[in-house]
Number of protein chains: 4
Amino acid sequence: MAVPAPSPRRLGRPRSAEADHAILDATRGALVELGWSKLTMGHVATRAGVAKTTLYRRWAHKSELVVDAVAVLFDELELPDRGSLRADIEGVVLSFAALLERPETKTSLMAVVAESTYDTALRARIGEAIVERQKRLVLEGRERAQARGELPPDSGNGEETARVVDLIFDVIAGAVVHRSLVSGEAVDEVWARSFTTLLLDGLAATSRP
Amino acid sequence: MAVPAPSPRRLGRPRSAEADHAILDATRGALVELGWSKLTMGHVATRAGVAKTTLYRRWAHKSELVVDAVAVLFDELELPDRGSLRADIEGVVLSFAALLERPETKTSLMAVVAESTYDTALRARIGEAIVERQKRLVLEGRERAQARGELPPDSGNGEETARVVDLIFDVIAGAVVHRSLVSGEAVDEVWARSFTTLLLDGLAATSRP
Amino acid sequence: MAVPAPSPRRLGRPRSAEADHAILDATRGALVELGWSKLTMGHVATRAGVAKTTLYRRWAHKSELVVDAVAVLFDELELPDRGSLRADIEGVVLSFAALLERPETKTSLMAVVAESTYDTALRARIGEAIVERQKRLVLEGRERAQARGELPPDSGNGEETARVVDLIFDVIAGAVVHRSLVSGEAVDEVWARSFTTLLLDGLAATSRP
Amino acid sequence: MAVPAPSPRRLGRPRSAEADHAILDATRGALVELGWSKLTMGHVATRAGVAKTTLYRRWAHKSELVVDAVAVLFDELELPDRGSLRADIEGVVLSFAALLERPETKTSLMAVVAESTYDTALRARIGEAIVERQKRLVLEGRERAQARGELPPDSGNGEETARVVDLIFDVIAGAVVHRSLVSGEAVDEVWARSFTTLLLDGLAATSRP
DNA sequence: GATTAAACGAGACGGTACGTCCTGTCTTAAT
DNA sequence: ATTAAGACAGGACGTACCGTCTCGTTTAATC
């Protein structure tokens, strides 16, 4: 996954899996205590009880290391069936907001996105490790709503469907991230309800012929 | 504004307004050529033909400098009357996206937002210099739509109005930023139309009693 | 003297004599507290309650300022008649050593001499303000010894006399300075007696035909 | 010696001996071209093709670096047997003066001595690396003169001997340094002869019972 | 069990930028 | 014209990190 096996050869001493964990743990810990900009490779290495070479053998840049360290937190997001599309959306908005409130993610997400604007490899890694994996939540919620009859079934046009999913994803994730990190205001139940109402109405109308 | 007068006293040589401009110009130029992460205070100073001390006397951190240098670009955003609420929204979405495509803003915005998560003074500066000032676009578009009869008049509840404006702002800005910088896909006319449809329908429904 | 009148004209506000004293006092004080290398023009100005311009108008360089500040201390050296040439020499050795033990002079003398090796103007200033004025002690002691009959009278050859005086001056001052500042050992009565014995015997023999 | 092994451990990459030489060579070169006061750590590092950190890892201060760089020049001083005590003294006086005329030593010696007045570690380093090692010349010349019968043999009292050696050392070195650097006049054959006469007579008398 | 080759810790390395300090000059208004 | 105040260009400081390197030392899989 994030730390690809260097080659199928198996000569010499194998890499330490312990070191991998220690480094990622140390990275998350350092993010909490220092934030993105004061986190250094040397500090992470020391904190993980590992030599700098061991760290650089696995991750060439701080941004890649942080993406991998933080990605796992995004995987914790889930979409339990709350019984209605409205409840599901409000739920995911609130749990996404809660995730963004954690110091590890708060300080990292924007930073790696910023870094990625000039680094296509990093952009790909972010897309793969974080962004794409969150779209599953939209897909899942959508299918469930279709099963409930809250949304019309797929048009059969896969491209069209992908476009809609992307749009909804950008609207939900974008609004939450912007409110939380840019506007710097709390994403609470009140806001989640207003936002969900707006989105539901938009979706309902869009779904009409 | 950005560089507040240090005090009403008038002792000693006054600060050079030329230097202010040269520094902000140099900052924008360096952002274009080097991007956020390779921009250094020393480089900006050299480029501005100014000593580093002169720079640090005004801006203690690179992030504050960049906020001030970039804020003016956001002020260039305008909302010409395109005849309908739909046209106005599509217009602002596209011109905001165009702004985010400029190299000066592309990396900077996310980077300073990232920095602001651990620096409340910076967060305030961003809010004041960038975020709050862009809400005027939402207000303006809304009033115009109300005048056209496309949206119902204000409820008279100022707090309620502010909440709605904030929501719309976060949804529009958030969706555009997310699509453009996080998802890394183009904000083109097609997307703008889909997004606007979604938003308009949401607004229309929300406005119904 | 050390601070030459800028010109015989007397237009505009006259220079403050208070400032002169304050600056020289502050310089000596700073030398005591900080030593030569940590003394700065800005610090002296602040300590003297004077603007930097006021300081630079009088002394262009730190070394010149220090020479003037310290020269006055060397003028305090005196040669009271102790009754014999031996006693006079031992006296001047000990009082010169005592002067070199003061922190103002200890830290300054070698420093300005070092500086003067690449700065002929400074060398001249040191020669004039410090070195030449101390030769009076040698001259005085010599004349007194001649009056006592301890040394033969002048040969009448002025050049010859000057050469001898210079030699004795360099030997006495050099030995004391070297012992005190380079070797870093105390110039006490025991050493002064040994040194004086050596010098007297040398002089006596030299004076014989 | 000058750069003590940091510890007997042998962990990590060992320090580069090449770097040591390059730095000391660069220091001497910079002293020749720039003199003490314009020599900077950064310049030396660049000239040596070495990072500043590499330099600071070995020498914390410019003065210590210069002491080590210059000490080796003092070791070049030698005392070839010139056949008589008089010739030996005249020889060492002239060659010491020639050494002090070299641009590397000219400013450096006084400067580091000045610095050492407020820095006991530096004083110790100077004592060890320069001062103590030059006393060998006095010892050597003295033994040779005793072998020739020009001076009486040692009294057997080691402390007494050390005191005499120190005295002679301070008188010779002090007089030459003072004439050359403080009085700023040439140490030529004429002066050397006068000084040697004075010293020999003093020694002769001192040696008499 | 010995060999082999990569991974490991430690830390030195060349290099870049940092943010501060000092220098000596200049620009204000006040005296 | 001099003063206090303080901004200015410039340059060096000593430190912190970067990413690479060079050591001597494990640690498995292979021979």
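By convention in this document, chain letters (A, B, ...) are assigned in the order of the sequence lines, proteins followed by strands, and residues within each chain are numbered from 1. Just so we're clear, the structure is a prediction, and the values are computed from it rather than from any experiment.
Across all strands, B/H61 comes closer than 4.0 Å to no nucleic acid atom at all (heavy-atom distances).
A close approach under 4.0 Å does not occur between any side-chain nitrogen or oxygen of A/R15 and OP1 or OP2 of F/dT26. Regarding contacts with the backbone of E/dG9, every side-chain N or O of A/R57 stays at 4.0 angstrom or more from both OP1 and OP2.
Rounding to whole angstrom units, CD of residue C/E64 and P of E/dG24 are separated by 10 Å.
Considering only side-chain atoms of C/T53, the nucleotide from E/dC8, F/dC21, E/dC26 that sits closest is E/dC26. If you check E/dA12, E/dG24, F/dC17 against the side chain of C/Y56, the one that comes closest is E/dG24. With F/dA9, F/dC13, E/dG24 as the candidates, the nucleotide lying closest to the side chain of C/K52 is E/dG24. Nearest nucleotide to the side chain of C/T54, out of F/dA9, F/dT3, E/dG9: F/dT3. Of the candidate nucleotides E/dC13, F/dC18, E/dA10, E/dA10 has the atom nearest to the side chain of A/A51. Side chain of A/M41, nearest nucleotide from F/dC8, E/dA7, F/dG19: F/dG19.
Salt-bridge check for D/D68 with D/R58: failed, with every basic side-chain N at 4.0 Å or more from each acidic carboxylate O. Under a 4.0 Å N-O distance rule, the pair C/R28/C/E104 does not qualify as a salt bridge.
Side-chain N/O atoms of D/R13 and base N/O atoms of F/dC21 include a donor-acceptor pair closer than 3.5 Å.
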